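Below you'll find the structure, written out as structure tokens, and then a few comments.
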Amino acid sequence: MNFCSNCGARIVVRVPEGDTLPRHMCDACGTIHYRNPLMVVGSIPEWEGRVLLCKRAIEPRLGMWTLPAGFMELGESVAQGAIRETLEEANARVELGEMFTMLSVPHVNQVHVFYLAQLLDLDFGPGTESLEVALFREDQIPWKDLAFRTISTTLKHYYTDRKHGAYRMHADEILAPRTPLT
Ligand SMILES: [Zn+2]
């Protein structure tokens with residue numbers, strides 16, 4: 001950010017009085033432009049033991065598979081966001097269960113939250129951000145072609161818990177890879 005979105009003056013970066021971190025500040029109008037992590041919210045839609053995945057039609061990771069998820073909007077709850085994203089990306093209606101994973105991704109300033117979910121019908125299909133939407137058995141999951149580590153982490157917890165007969169919530173940190181794209 002170079003210019004103030006409030007008044008158009010040039011931005012300076014420094015630690016405000018009483019604060020501990022450098023901020024984007026406008027000395028002309030006094031606005032401090034705080035930047036904070038973004039929430040990505042989604043679901044794990046299940047139907048008779050299979051899980052719904054979407055093939056991405058957009059960058060990043062075009063052509064790779066993901067659970068339906070996206071950025072939370074202003075004015076909605078986490079659960080509402082997860083239901084909306086599932087509808088937008090997969091045209092799928094779900095009933096949410098418990099929150100299942102909450103994954104901090106500090107190197108991209110995001111928090112990803114996934115809910116257990118029950119598909120309400122099989123009338124789903126790709127939304128504008130998906131090329132394809134399909135149900136997968138565990139042995140069909142395209143582990144090598146999953147779009148993000150938050151997706152593979154969520155699915156690994158899901159199948160481990162399913163084996164043990166009980167789902168519990170998992171809060172993890174996804175740290176920056178030591179080498180790119182590992
Ligand atoms: Zn300003």
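Just so we're clear, the structure is a prediction, and the values are computed from it rather than from any experiment. Ligands are counted one by one from 1 in listed order, and the atoms in each one are counted from 1 as well.
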(request) Please collect all ring-ring contact (aromatic ring centres under 6.0 Å, His included) contacts where either partner lies in residues 1-21, sequence neighbours excluded, each pair once. (result) none
(message) Check this for me: Glu59, atom CD, are more than 12 non-hydrogen atoms of other residues, nucleotides or ligands nearer than 6.0 Å?
(response) yes
(request) Please name all residues satisfying ring-ring contact (aromatic ring centres under 6.0 Å, His included) with His170, sequence neighbours left out, ordered by chain then number. (result) Phe100, His157
(request) If a pair satisfies salt bridge (Lys or Arg N to Asp or Glu O under 4.0 Å) and one of its residues is in residues 167-177, list it, with sequence neighbours excluded. (result) none
(message) Among Ile151, Leu155, Thr153, Val41, exactly one meets side chain to side chain contact (heavy atoms under 4.5 Å, CB included) together with Phe114. Which residue is that?
(response) Ile151
(request) For this output row, return yes or no: ring centroids of Tyr167 and Tyr158 closer than 6.0 angstrom. (result) yes
(request) May I ask you to list the protein N, O or S atoms found at less than 2.8 Å from the Zn ion (ligand 1)? (result) Cys4 SG, Cys7 SG, Cys26 SG, Cys29 SG
